[in-house]
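Everything on this sheet refers to the single structure shown next.
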Amino acid sequence: MRWTSALCFAFLLAGNATAQRLVAVDSIMTVRGIVEFRTDGSGSGAWVVFLPTPVLVRNLKTNIVALAGGERLAARFIDRYVEVRGRVAVEQDASGRTVAIANEPRIAEVRPDGLVQEDVDLSLSEHATVELAVVPRVAARHDSTGAPSGVTPTVLFSIVSHSQTELRWFFPTTEVVCVGVQPVDADQGYEIIWKVTGKDQQVILRMGAVLRQIVAIPDSVARAPGRYVVRASLCGADRLHAEATFDILY
């Protein structure tokens, strides 16, 4: 299950709060994020990683790095948090747009920082693990000049089935995943909850199968500086939930 406009990508650099200039050795860069297939509306598309924290590649400030020469490999990691290593260049695509491209990238799945895991026993034969993380864990809404930084904390939610039998959930609508965000100091704001729409009204997980949901947290939800708690679950199946925190700086 996917939320295509909210996939995240964080560079392996100390401090993810604002855009940073990349220092590359022989133009080889190592980055972390989530793989996404993006279409342009004309039927064509490209494999990319989306950056919740904008970065500077040469003179280009960008939220997107395209994956070139590794398309078949990228398809294996769609919606997954990965480490990518490749030679990054700034080029123009077919439409004339200037883009950052990682050529012949190497991709490996990794654990996001601060990942929370909750093991749930639904019955004697039904078992699952709920995983939740927010990337980046610390985000600044403004850069050193006071201008918007473009940083968007992103929720990574998944359910992994360990059951010998199929896990099945049926919903009254296609709203499948519920996400709530609230300041740790509850007196400073109310919890904001929204529901993410899936492809249909049922979820079926066989042993080893994973349900994934990626949700961006907009400025309007976590505007004020401070610590926030995120709670994610299957709508109507509250036992399958987890909580994680993230911090917003000025």
Are [Y] and [X] connected in a single hydrophobic cluster, I mean Ile/Leu/Val/Met/Phe/Trp/Tyr linked by side-chain heavy atoms less than 4.5 Å apart?
| X | Y | result |
| --- | --- | --- |
| Val176 | Ile204 | no |
| Ile217 | Val177 | yes |
| Leu115 | Val229 | no |
| Val99 | Val84 | no |

Problem set entry | Check ion pair Arg231-Asp238 (N to O, under 4.0 angstrom) |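 Salt bridge: yes.
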Problem set entry | Test: Asp247 and Arg227 ion pair at under 4.0 Å |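 Answer for the salt bridge query: yes.
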Exercise. Of Gln213, Glu131, Gln117, which is the lone residue that meets side chain to side chain donor-acceptor pair (under 3.5 Å) with Ser158?
Worked result: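 So the option named by the test is Glu131.
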Problem set entry | Given Ile159, Val155, Leu156, Val179, the one that forms side chain to side chain contact (heavy atoms under 4.5 Å, CB included) with Leu132 |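 That would be Val155.
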For this session: Evaluate the side-chain proximity of Val230 to Phe246: yes if any heavy-atom separation is below 4.5 Å, no if none is.
Result: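 Counting from C-beta outward, Phe246 and Val230 do come under 4.5 Å.
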For this session: Can you establish whether the number of heavy atoms outside Gln201 located under 6.0 Å from its atom CD is more than 12?
Result: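 Yes.
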Problem set entry | Ser149 and Arg141: CA distance, side-chain angles, deciding distance, side chain to side chain donor-acceptor pair (under 3.5 Å) verdict | CA-CA 5 Å; Ser149 66; Arg141 292 301 193 188; over 6 Å; no
Problem set entry | Pairwise disulfide (SG to SG under 2.5 Å) hits with a residue in residues 85-133, at least two apart |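 The answer is none; no pair qualifies.
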